[in-house]
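Numbers here are sequence positions counted from 1. What's counted below: heavy atoms across the whole structure, side chains too, no hydrogens, waters or symmetry copies. From a predicted model like this one, the values you see are computed outputs, not experimental measurements.
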Amino acid sequence: MHYFEDIEVGTRASFGNYQVTREEVLDFAERYDPQPFHLSDEEAAKTHFGRMSASGWHTCAMMMAMMVAYMKQDGHASLGSPGIDELRWLKPVYPGDTLRCETEVMEKTASRSRPEMGSFRNKMTVFNQHDVPVLTFLSIGLIKRRPVE
């Protein structure tokens, strides 16, 4: 299990391998972001996207799926997140793309009011199969402190 005390500023991690499918792009868009360029190649061709693209919010959800799988595999004592900063959708994500993540720990802080937890800030970057960044943000993670034995 990885606890607050195990986090080192400057640590980098690379993880994930998410295949973006047309069916998933359509399903997400129909349910949560039904803009024409997420639903139709013809409509998207009339825009700067050129063809149907995934919603930026869908890209965030795909990143989250990769992050949770990584945390489960790596044994993080996660307590969730109070939010993110500086979210940027840099490039469109298209059906057929393969996404992966890279993260870097920027800082960490022990909680003064909750001694059982701490927080850390990460810079998250999501890349497509061409190693082109498609999404960036700064995240704030909450994590358990190592139990006193």
Next on the checklist: With rounding to the nearest 0.5 angstrom, report the CZ to OG1 distance, Phe137 to Thr103.
Outcome noted: 7.5 Å
Item to check | ring pair (Phe, Tyr, Trp, His ring centres under 6.0 Å) partner of Trp57, the single match among Tyr32, Trp89, Phe28 | outcome: Trp89
Next on the checklist: If we ignore hydrogens and angles and just use 3.5 Å, is the side chain of Asn122 paired with the main-chain N or O of Met124 as donor and acceptor?
Outcome noted: no
Checklist outcome for this item: Taken to the nearest 0.5 Å, the spacing of Thr11 OG1 from Lys108 NZ works out to 9.0 Å
Checklist entry - Will you find, in the side chains of Asp131 and Gln129, an N or O donor that is under 3.5 Å from an N or O acceptor? => result no
Next on the checklist: When you compare the side chain of Ile84 with that of Leu138, does any pair of heavy atoms fall below 4.5 Å?
Outcome noted: no
Next on the checklist: Checking side-chain polar atoms at under 3.5 Å, does Thr125 have a donor or acceptor matched by the opposite partner on Glu102?
Outcome noted: no
Checklist entry - Heavy-atom distance under 4.5 Å between the side chains of Leu26 and Met52, does that happen here? => result yes
Checklist entry - Are Met64 and Met66 connected in a single hydrophobic cluster, I mean Ile/Leu/Val/Met/Phe/Trp/Tyr linked by side-chain heavy atoms less than 4.5 Å apart? => result yes
Checklist entry - Run the side chain to side chain contact (heavy atoms under 4.5 Å, CB included) check on Val126 and Leu90 step by step: do they pass? => result CA-CA 10 Å; Val126 179; Leu90 305 172; over 6 Å; no
Checklist entry - Is there any salt bridge (Lys or Arg N to Asp or Glu O under 4.0 Å) pair reaching into residues 78-96, and which pairs are they, with sequence neighbours excluded? => result Asp85-Arg121
Item to check | Tyr3 six-ring centre to Arg146 NZ/CZ under 6.0 Å and within 45° of normal | outcome: no
